[in-house]
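Convention: sequence-line order gives letters A, B, ...; per-chain numbering from 1. What you see is a predicted model, and the numbers here were worked out from it, not measured in a lab.
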Amino acid sequence: NIKGTIAFDSHGNVIESTGVGSTRIEDICELSRVALDAEGFAQVQGDSLLVHLYKRDDVTLAVYT
Amino acid sequence: VMLHSKNVKVFLENTLKPYDLHSVDFKTSSLQSSILLTATNGGIMSFATSNSDVPKNSINEINSVNNLKMMSLLVKDKWSEDENNTVEQPTNSCYPVEIESFKTKIYTYEMEDLHACVAQIPNSDLLLLFIAESTFPYGLLVIKIERAIRELSDLFGYRLG
Amino acid sequence: TNTFTALTTPDSTKISKEQLKRLHSRILDEISSQSQVDKPGPLT
């Protein structure tokens, strides 16, 4: 199911990106502002993609499905 | 105190290695260069480069060393400017870090089509500078240089002359 | 203009929270171990 990933830090700098994530680096600006739940999770959708977010230790992982 | 130049050079060579992740299909190239320079005048104390196929003392090697000298000077000047920048505006390219209760800052700079990352070795006259291709993510460079600085505790407090 | 809209009812059919957590840990653990620099001996 995974179409790509982006891991980014609290400064919005990329740590790794794969698949569709490598072509959507500019999403970081918007994804870094998404409100996360108490455990650090969130899900957003757009451009026919579902993005699963999880943040821990100042690193946010975005998985595109 | 003298630098153990051979061990320092081997250490810098060991920092060049690339990443090759398997949890996700992600890999990077090696660092292009890893340089130990002086925070006072940007002079190169030691360096390692990944283009080892350049023949010794060839015109290419001389050019690449001159390039490194130029880049080291440029980075040192930019670093001095940022360090003296009293207006503390948080920027995406400055990462304050604390290592063994010593504070230092990691800076990321774009240099033409290269990514540079520099940090002062805590309480010393030395800077560690990584130069990589633009495909090497800044966030990963920051993680890499912070771990390298942690291994350089022998050089914390190192003063020139 | 925003590209994304937040999902109020999470859809965990594609990837569960546990899987996401595990992938996050594995990525960071790999990066941490590959960031380790071998020290050849004393530097001074």
(message) To the closest 0.5 Å, what do you measure between OH (A:Y54) and CD (C:E18)?
(response) 8.5 Å
(message) Could you measure the distance from the CD atom of A:E39 to the NZ atom of C:K17? Nearest 0.5 Å is fine.
(response) 4.0 Å
(message) Less than 4.5 Å to any heavy atom of chain C: does that hold for the side chain of A:L53, its backbone, both, or neither?
(response) backbone
(request) Could you tell me the separation between the CZ atom of C:F4 and the CG atom of A:L49, rounded to the nearest 0.5 Å? (result) 6.5 Å
(message) Main chain of C:S16, side chain of A:H52: is a donor-acceptor contact present, judged purely on distance under 3.5 Å?
(response) no
(request) Sort A:V59 into side chain, backbone, both or neither according to what part of it lies under 4.5 angstrom from a heavy atom of chain C. (result) both
(message) If I measure from the heavy atoms of chain A, does C:I31 come under 4.5 Å with its side chain, its backbone, both, or neither?
(response) side chain
(request) Could you walk me through whether A:L61 and C:I27 pass side-chain contact (heavy atoms from CB on, under 4.5 Å), step by step? (result) CA-CA 9 Å; A:L61 174 63; C:I27 291 171; 3.8 Å; yes
(request) Without swapping roles, check the side chain of A:Q45 against the backbone of C:A6 for a donor-acceptor pair under 3.5 Å. (result) no
(message) Using heavy-atom distances under 4.5 Å, tell me whether A:Q43 contacts chain C through its side chain, its backbone, both, or neither.
(response) both
(request) Check the side chains of A:R24 and C:T3 for a donor-acceptor pair under 3.5 angstrom, ignoring hydrogens and angles. (result) no
(request) Pick out which of A:V44, A:V51, A:L50 makes a side-chain contact (heavy atoms from CB on, under 4.5 Å) with C:L7. (result) A:L50
(message) I need the C:I15 CD1 to A:I2 CD1 distance, nearest 0.5 Å.
(response) 4.5 Å
(request) Write down the atom of A:F41, the atom of C:K21, and the distance for their closest heavy-atom approach. (result) CZ-CG, 3.9 Å
